[in-house]
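Ligands are counted one by one from 1 in listed order, and the atoms in each one are counted from 1 as well. Along the sequence shown, residues carry numbers from 1.
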Amino acid sequence: MADANGEAEKDKNKFADSSQLNAPDAAARQNDKKDEALEALNAQWHKVRSRLRAELGEATFNSWFKLLEVAGAQKGRVVLHVPTRFVRSWIEAHYLTRIRDHWKAEDASVRRIDIELQPEWVPSEKKPEIREQKAVAPRRAAAPPQPRAPLPDMPEPIGRDDLGAPLDPRFTFDNFIVGKSNELAHAAAHRLAEGDGVAFNPLFLYGGVGLGKTHLMHAIAWEIRRRTPERTVLYLSAEKFMYQFIRALRFKDTVAFKQQFREVDVLMIDDIQFIAGKDSTQEEFFHTFNALTDHNRQVIVSADRSPTDLEGIEERIRSRLGWGLVADIHPTDYELRLGILQAKAESLSRRTDGSADGARIPQPVLEFLAQRIVTNIRELEGALNRVIAYASFVGRPVTLEMAQDVLRDLLRASDRRVTIDEIQRRVAEYFNVKMGDMLSARRARSVARPRQIAMYLSKQLTTRSLPEIGRKFGGRDHTTVIHAVRKIEQLREEDPALDEDVDLLRRMLEN
Ligand code: ADP
Ligand code: MG
């Protein structure tokens, strides 16, 4: 791959952009031919895109491929254009082979795919003056990564403390565990924090509550401050932004307000969904946003949903928010949860310096927590803290039984979150029957048994009453549900295979 890319560098000029295919002074016939070629190419690209979309899912596709354009092709080499370097290197590292293979399937003569920067996308390169130099000059801090102690709070220029919100010293990149669900957001955040120029603007981070958005934003802020302390980084919640704005309005101080915000190098606004429906705050935010991005300053925004889903926020703002890089954080998976717990447990035992052995958490306890607390990372940390607090309170080491005991309420709460619909869907999927059969009156064993299992699991895993469960299963009577529950209980004792199926389903549903 390195080889191929070197070659790409060399003949980049031969293939600078698509204008070659549309050269205005070329003979008309030639032009027609080229138009046709480009059209065919676009058709192929269209198919390749559809495959990528189907394969990778909407979110990933939108993050990386939406802005990709086909520029031209020559002798088995297809050139695609991307708007930013970051997107280019990410696609090269992760998707190049896939794109090539798909393209080959459309056109066997295609041998390589090159990703190049869109020619017009060079503002940060063309004017490297203030911004770039500022970011690059004091690289003294770019020491090899060492276990970094949380930074002491740096002295802030007067007034900024007031404007922004303090950064949590625990929210650093070092303390952020990367997994599949957050790898894109982490990579983007990291790329921004490295700070050489504005790679994409804004960075829009979104995901459910407690999944690490604020952590990542603070990590960016810490890292920029560490590398380039002279750059001003302002972090605040959308709520605080609004508060500042309203206060400025009241004290007829909006000029100073605007000034303050427009002077920063990096502006981060957390939980932007908060300004939904707040028209004048939105308006002000939009002006600030535009003023900053026009001057090549970085803006980072987070929300609990994607830009397109931000109801109550004006369409032009929503669309502008999606222009940069949109990175979503998905719900966690088991590996990530375990990784986070292990890191946390380790740092706790380090902190107590071995003196208090009570902080040592046995691996089975961590595994238990990772398996059972699936809602979000904040609750996961809360659960761990609760177990530790309890152990130190009673002066005993942490054990699995203790953890189960301490967390009983919490676990019951998370069990309640399984819905009957979900149970029906999973069971239908597992036994390969139609979802409709869960609700139908069909009595064939092949559908009746899965239906009974779904009823049994609904009784076990939800707090719904028997009549409620019956209603959810095509309006059946509660006695049918009782019968199903008894039947499955009995079969679990007699039939080890069925017992295993039920157990597997239960575990899948609880996670
Ligand atoms: P959000 O802003 O998305 O609601 P936060 O950033 O406040 O979530 O994260 C909630 C808690 O989970 C914080 O204590 C944070 O440190 C922790 N956390 C989130 N993601 C990670 C991660 N990948 N690694 C370690 N800790 C994390
Ligand atoms: Mg947050």
Side-chain angles (χ1 to χ4, degrees), residues 59 145 147-151 164-193 202-223 233-243 267-276 300-307 309-310 326-351 361 366 369-370 372-389 410 414:
R148 235 173 281 139
L151 289 183
L167 299 177
D168 189 320
R170 293 166 307 158
F171 290 2
T172 60
F173 279 120
D174 281 347
N175 291 339
F176 191 85
I177 311 295
V178 185
K180 263 206 223 82
S181 58
N182 58 24
E183 102 186 304
L184 165 60
H186 172 264
H190 212 269
R191 174 73 176 75
L192 269 196
L203 169 61
F204 189 99
L205 293 172
Y206 78 92
V209 33
L211 294 181
K213 302 180 296 291
T214 301
H215 188 136
L216 273 181
M217 288 177 120
H218 286 208
I220 298 174
W222 284 124
E223 190 62 18
V233 181
L234 185 61
Y235 164 89
L236 76 166
S237 63
E239 197 172 356
K240 186 149 188 194
F241 179 85
M242 174 160 146
Y243 168 80
L267 175 67
M268 305 190 189
I269 306 248
D270 207 350
D271 290 318
I272 194 82
Q273 74 275 359
F274 183 81
I275 63 168
I300 304 167
V301 173
S302 85
D304 64 354
R305 61 201 87 164
S306 76
D309 291 336
L310 282 170
V326 178
D328 55 342
I329 307 186
H330 300 271
T332 57
D333 55 29
Y334 175 75
E335 273 71 37
L336 178 62
R337 291 194 295 273
L338 189 60
I340 288 171
L341 287 169
Q342 276 164 341
K344 182 114 204 235
E346 199 177 298
S347 89
L348 282 172
S349 68
R350 238 187 292 127
R351 207 177 297 162
I361 324 287
L366 300 180
L369 293 176
R372 300 299 304 270
I373 315 281
V374 300
T375 42
N376 66 49
I377 301 170
R378 192 172 298 140
E379 287 195 16
L380 193 64
E381 289 182 337
L384 180 64
N385 289 337
R386 231 156 104 174
V387 174
I388 293 171
L410 207 71
S414 82

Does any N or O in the side chain of [X] come within less than 3.5 Å of the main-chain N or O of [Y], such that one atom is a donor and the other an acceptor?
X	Y	value
Lys213	Gly208	yes
Trp222	Phe173	no
Asn182	Ile177	yes
Arg337	Thr332	yes

Tell me: protein heavy atom nearest [atom], and distance?
atom	answer
atom 12 (O) of ligand 1	Ile377 CG2, 3.2 Å
atom 6 (O) of ligand 1	His215 N, 2.7 Å
atom 7 (O) of ligand 1	Arg378 NH2, 2.8 Å
atom 23 (N) of ligand 1	Ile177 O, 2.8 Å
atom 14 (O) of ligand 1	Glu381 OE1, 2.7 Å
atom 8 (O) of ligand 1	Gly212 N, 3.1 Å
atom 4 (O) of ligand 1	Gly210 N, 2.7 Å
atom 2 (O) of ligand 1	Thr214 OG1, 2.7 Å

Going by the atom numbers of ligand 1, which of them fall below 4.0 Å from some non-hydrogen atom of [X]?
X	value
Phe171	13 (C), 14 (O), 15 (C), 16 (O)
Asn182	23 (N)
Val209	4 (O)
Lys213	1 (P), 2 (O), 3 (O), 4 (O), 6 (O), 8 (O)

Residue pair Leu205 / Ala185: nearest heavy atoms and the distance that separates them: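 Residues Leu205 and Ala185, closest heavy atoms: CD2-CB, 3.7 Å.
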
Region of Asn175 engaging ligand 1 - heavy atom pairs below 4.0 Å: backbone

Full working for side chain to side chain donor-acceptor pair (under 3.5 Å) between Thr214 and Asp270: CA-CA 7 Å; Thr214 301; Asp270 207 350; 2.7 Å; yes

The Mg ion (ligand 2) contact by Thr214, N, O or S atom under 2.8 Å: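 For Thr214, the answer is yes, given that an N, O or S atom comes within less than 2.8 Å of the Mg ion (ligand 2).
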
Test log, rule side chain to side chain contact (heavy atoms under 4.5 Å, CB included), inputs Leu336 and Lys180: CA-CA 8 Å; Leu336 178 62; Lys180 263 206 223 82; over 6 Å; no

side-chain contact (heavy atoms from CB on, under 4.5 Å) partner of Ile361, chosen from Leu369, Leu341, Leu366: Leu366

Heteroatom distance test (Ile340, ligand 1): nitrogen or oxygen, under 3.5 angstrom: no

Ligand 1 to Phe176 polar contact by distance, N or O atoms, under 3.5 Å: no

Evaluation steps, side chain to side chain contact (heavy atoms under 4.5 Å, CB included), between Asp309 and Tyr206: CA-CA 11 Å; Asp309 291 336; Tyr206 78 92; over 6 Å; no

Aromatic plane relationship, His218 with Phe171 - under 30° parallel, 30 to 60° tilted, over 60° perpendicular: tilted

